[in-house]
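Each remark here refers to the structure printed beneath this line.
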Amino acid sequence: VQGFPTIKYGDPNNLQDYEGGRDFDALEAFAKENLGPTCSPANLELCSPEQKATVEKFMAMPFADLKKLVEEKDAELKKADEDFDEMLKGLQAEYESGEKKKEEEQKKIKDAGLGIMKSVQAQRNKGTKSDL
């Protein structure tokens, strides 16, 4: 098994990724604290004053403007993901290059006689101990 399935929660129009523990106690604590009705246009009574002001601001916007703003923010999220993926590719390439260089250097060191050196050292060390 590689990882766990993604657990999503929240408003169906704005699902969030659950990133907590996967054991029963962690899931139960999270469910008690976070699941159930939340601040939304349908549940303004659950909103803080700041959240309520934000909801009201977006509710007052013309639908076309709101739709455009959502599309812009979705595009920003997508770009952030793409930029991150590109950075990861660069890091992966750098890691692979560094690993190859390390392996080549280790091979040169071993080919230069390190194994024989260690054998000789061990043999000489045995001789030194028997002399005591």
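Counting from 1, the numbers follow the sequence of the chain as shown.
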| task | Evaluate the criterion side chain to side chain donor-acceptor pair (under 3.5 Å) for residue pair N14 and Q16; output intermediate values, then yes/no. | result | CA-CA 6 Å; N14 185 28; Q16 305 296 313; 3.2 Å; yes

| message | Apply salt bridge (charged side-chain N to carboxylate O under 4.0 Å, His left out) to residues E76 and K73 and explain how you reach the verdict. | response | CA-CA 5 Å; E76 288 176 21; K73 295 301 178 186; 3.6 Å; yes

| query | Considering only heavy atoms from C-beta outward, does the side chain of I7 approach that of R22 to under 4.5 Å? | reply | yes

| said: Using 0.5 Å steps for rounding, measure from the CD atom of E71 to the CG atom of L66. | reply: 10.0 Å

| In this structure, are over 12 heavy atoms from other groups packed under 6.0 Å from M59 atom CE? | no

| For atom CD of E94, is the number of surrounding heavy atoms from other residues, nucleotides or ligands below 6.0 Å larger than 12? | no

| Which heavy atom in S40 sits nearest to a heavy atom in C47, and how many Å separate them? | N-SG, 3.8 Å

| note | Interatomic distance, CZ@F84 vs NZ@K89, rounded to 0.5 Å, equals 12.5 Å

| Are the side chains of K67 and V70 in touch, meaning some heavy atoms are under 4.5 Å apart? | no

| Rounded distance [0.5 Å steps], CD in E56 versus CD in Q51 | 12.0 Å

| task | Just grab all the ring pair (Phe, Tyr, Trp, His ring centres under 6.0 Å) pairs involving residues 28-53, residues at least two apart or on different chains. | result | Y9-F30, Y18-F30

| said: Does E103, at its CD atom, have more than 12 non-hydrogen atoms belonging to other residues, nucleotides or ligands within less than 6.0 Å? | reply: yes

| said: To the nearest 0.5 Å, what is the distance between CD1 on I116 and CD on Q123? | reply: 12.0 Å

| task | With sequence neighbours excluded, tell me which residues meet side chain to side chain donor-acceptor pair (under 3.5 Å) with E50. | result | S48

| request: Measure from the side-chain N and O atoms of N43 to the backbone N and O of L46, and report whether any donor-acceptor pair falls under 3.5 Å. | output: no

| said: Can you pull out every side-chain hydrogen bond (donor to acceptor under 3.5 Å, both in side chains) where at least one residue sits in residues 105-119? Sequence neighbours excluded, please. | reply: K107-D111

| query | Where do D83 and K79 land on the salt bridge (charged side-chain N to carboxylate O under 4.0 Å, His left out) test, with the steps shown first? | reply | CA-CA 6 Å; D83 290 349; K79 174 134 178 35; 2.9 Å; yes

| said: Measuring from atom OG1 of T6 to atom CG of L15, what distance do you get when rounded to the nearest 0.5 angstrom? | reply: 11.5 Å

| query | Counting only heavy atoms not in L91, do more than 12 sit closer than 6.0 Å to its CG atom? | reply | yes

| Say you draw a straight line from CD of E28 to CD of E33; how long is it, rounded to the nearest 0.5 Å? | 10.5 Å

